[in-house]
Amino acid sequence: MASLLGTSSSAIWAAPSLSSSSSSSTHSTATICFRPGKISGRNFNAGIQMRPKKNRSRYHVSVMNVATEINSTEQVEKFDSKKSARPVYPFAAIVGQDEMKLCLLLNVIDPKIGGVMIMGDRGTGKSTTVRSLVDLLPEIKVVAGDPYNSDPIDPEFMGVEVRERVEKGEKVPVIATKINMVDLPLGATEDRVCGTIDIEKALTEGVKAFEPGLLAKANRGILYVDEVNLLDDHLVDVLLDSAASGWNTVEREGISISHPARFILIGSGNPEEGELRPQLLDRFGMHAQVGTVRDADLRVKIVEERARFDSDPKDFRETYKTEQDKLQDQISTARANLSSVQIDRELKVKISRVCSELNVDGLRGDIVTNRAAKALAALKGKDRVTPDDVATVIPNCLRHRLRKDPLESIDSGVLVSEKFAEIFS
């Protein structure tokens with residue numbers, strides 16, 4: 001791992017600042033008019049009237065109309081992330097936690113692995129490590145002005161409007177942007193996650209006015225849920241549906257709008273605060289366990305590094321810039337070479353034997369293990385998967401799929417490693 005992640009065993013990703021310029025949405029004014037009347041013995045009555053915004057009243061509330069059009073210039077013109085984004089702890093500066101960092105890197109190299117669930121003690125750097133990924137995220141090509149980050153070539157990742165334009169032979173504007181990371185707050189509403197429909201505009205103008213939510217923003221990117229085991233059940237259902245189909249559908253008042261929602265799902269949590277629903281747990285491609293560092297020297301090093309970062313984030317990030325750039329180039333090269341990595345059929349058969357003898361339900365374990373092994377080989381710069389690559393990733397791909405009783409704890413990976421040694425020997 002040290003050779004893969006650089007001279008230091010830690011690293012950071014800083015998120016690009018996605019800022020919007022002045023809003024192009026129209027406004028209307030809600031004028032609150034008070035008229036005399038009697039309520040509970042007092043002269044008071046209130047009526048609320050919606051009027052076009054002409055003369056400002058002393059009492060008024062400006063209400064933002066829901067708009068479906070997104071100005072392409074707002075997506076193209078972004079603030080410089082180094083100036084506008086708050087400093088992010090470098091991925092290369094994170095001490096230890098090699099298992100968690102490897103799982104995150106493999107998912108960036110091959111998003112089809114299906115994300116990673118990180119469980120461990122509180123205060124072990126889970127959230128810091130995930131958010132540090134942003135610095136290392138590669139660029140992708142998207143259709144300019146599209147709220148769903150549609151792929152200009154692959155129809156599977158296109159929104160409905162973009163697909164219609166492409167089918168008509170229309171040339172769509174394309175820009176390059178970094179993969180987006182979206183945080184899903186625990187207190188988010190379903191409308192904020194899925195998006196909402198402007199019923200008034202739909203009824204008056206006959207237009208499906210849709211305001212995209214977090215799932216639209218996360219399409220072709222990363223959706224991160226901190227303390228995912230505390231997420232409300234109705235939001236878990238939304239994530240399950242989107243993760244299963246790759247599309248988000250909003251149904252309301254007889255109006256239906258769908259858009260692509262394919263993302264890398266990353267979750268973190270403390271097992272002491274509650275377990276995850278088995279249906280959602282199975283949606284995570286890999287599972288990483290994080291423990292508290294017990295070595296006193298390492299603990300002192302972590303404290304000192306954090307103090308340096310807090311005192312001067314810019315200077316601290318500069319000290320790790322070379323390692324960050326090297327790791328980013330390594331990821332870009334691995335993504336480019338991933339399709340050429342081969343895995344022998346004999347290894348595939350043995351992987352499936354391990355899954356079968358461990359009584360793993362379904363075939364997700366087989367698929368994810370094959371993908372993760374190929375991603376690891378690509379990260380190492382190899383063109384063929386070896387048994388060592390499989391041995392490294394198979395515990396993370398299978399251990400959260402072994403639990404049959406909800407009261408059981410997730411295996412540490414010992415059962416998987418023992419079965420692997422038995423079959424691959």
Side-chain angles (χ1 to χ4, degrees), residues 1-18 78-109 116 118 120 123-140 176-181 183 221-222 224 226 264 266 268 288 290-336 375-376 378-381 392:
M1 277 301 301
S3 62
L4 292 178
L5 302 179
T7 56
S8 171
S9 63
S10 50
I12 281 196
W13 292 10
S17 173
L18 296 179
K78 300 176 180 177
F79 289 127
D80 186 353
S81 61
K82 295 182 180 179
K83 296 180 181 179
S84 59
R86 60 182 180 179
V88 179
Y89 198 86
F91 190 88
I94 296 172
V95 178
Q97 314 298 8
D98 291 341
E99 179 180 311
M100 171 174 57
K101 291 187 293 184
L102 179 61
C103 291
L104 292 172
L105 291 178
L106 296 183
N107 273 273
V108 174
I109 294 172
V116 56
I118 304 168
T124 49
K126 300 184 295 294
S127 301
T128 300
T129 306
V130 172
R131 293 190 171 98
S132 69
L133 278 178
V134 180
D135 274 343
L136 306 178
L137 293 176
E139 288 189 341
I140 56 174
T177 183
K178 270 198 169 186
I179 290 178
N180 198 20
M181 177 180 286
D183 279 282
I222 296 174
Y224 174 50
D226 194 11
I264 303 172
I266 298 179
S268 62
V290 181
T292 302
V293 177
R294 301 301 177 187
D295 184 84
D297 292 333
L298 281 181
R299 293 171 75 105
V300 171
K301 181 179 179 181
I302 294 171
V303 172
E304 292 176 344
E305 293 285 85
R306 185 69 209 191
R308 283 180 53 207
F309 175 76
D310 291 338
S311 62
D312 191 348
K314 183 177 179 181
D315 181 67
F316 184 81
R317 286 172 55 82
E318 282 295 323
T319 60
Y320 284 95
K321 188 176 186 304
T322 302
E323 293 181 47
Q324 290 280 97
D325 292 342
K326 181 180 178 181
L327 187 54
Q328 190 171 20
D329 292 341
Q330 192 176 1
I331 292 172
S332 298
T333 302
R335 284 172 61 94
L376 179 58
L379 182 63
K380 292 179 177 178
T392 302

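In this chain, residues are counted from 1 in sequence order. Note: hydrogens, waters and symmetry copies are ignored here, and every other heavy atom, side chains too, is used.
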Nearest-0.5 Å distance that lies between atom CZ in R335 and atom CD1 in I140 | 8.0 Å
If every non-hydrogen atom of D226 is compared with every non-hydrogen atom of S268, which pair is closest and at what distance?
-> OD1-OG, 2.8 Å
From CD (Q97) to OG1 (T128), nearest 0.5 Å = 10.5 Å
Taking NZ, NE, NH1 and NH2 as the nitrogens, is one of them in R306 or D310 under 4.0 Å from a carboxylate oxygen of the other?
-> yes
Which residues pass the salt bridge (Lys or Arg N to Asp or Glu O under 4.0 Å) test with D329, sequence neighbours left out?
-> none
So do the side chains of I118 and L104 get within less than 4.5 Å of each other, counting heavy atoms only?
-> yes
May I ask you to say whether E323 pairs ionically with K326, meaning some side-chain N is under 4.0 Å from a carboxylate O?
-> no
Contacts of type salt bridge (Lys or Arg N to Asp or Glu O under 4.0 Å), residue D325, not counting sequence neighbours | K321
For K126 and G120 the tightest heavy-atom approach is NZ-O, 3.5 Å
Separation between CG of N180 and CD1 of I264, rounded to the nearest 0.5 Å = 11.5 Å
Contacts of type side chain to side chain contact (heavy atoms under 4.5 Å, CB included), residue T292, not counting sequence neighbours | D121, T124, R294, R299
Work out which heavy atom in A288 is nearest to a heavy atom in M100; give both atom names and the distance.
-> CB-CA, 3.9 Å
Report yes if some heavy atom in the side chain of L376 is under 4.5 Å from a heavy atom in the side chain of L102; otherwise report no.
-> yes
Smallest separation among heavy atoms of I109 and A334, with atom names | CD1-CB, 3.8 Å
Would you name the heavy atoms of V130 and M181 that are closest together and state the gap between them?
-> O-CE, 3.2 Å
How many angstroms lie between CG in L105 and CD1 in I331, if you round to the nearest 0.5 Å?
-> 5.0 Å
Determine yes or no for a side-chain-to-main-chain donor-acceptor pair under 3.5 angstrom, with D312 supplying the side chain and R308 the backbone.
-> no
Side chains of R317 and D135: does their closest heavy-atom pair fall under 4.5 Å?
-> yes
So OG of S127 and CD1 of I266: to nearest 0.5 Å the spacing works out to 11.0 Å
dist R131:CZ -> Y224:OH (nearest 0.5 Å) comes out at 5.0 Å
Give the minimum heavy-atom separation between K178 and L137, together with the two atoms involved.
-> CE-O, 3.3 Å
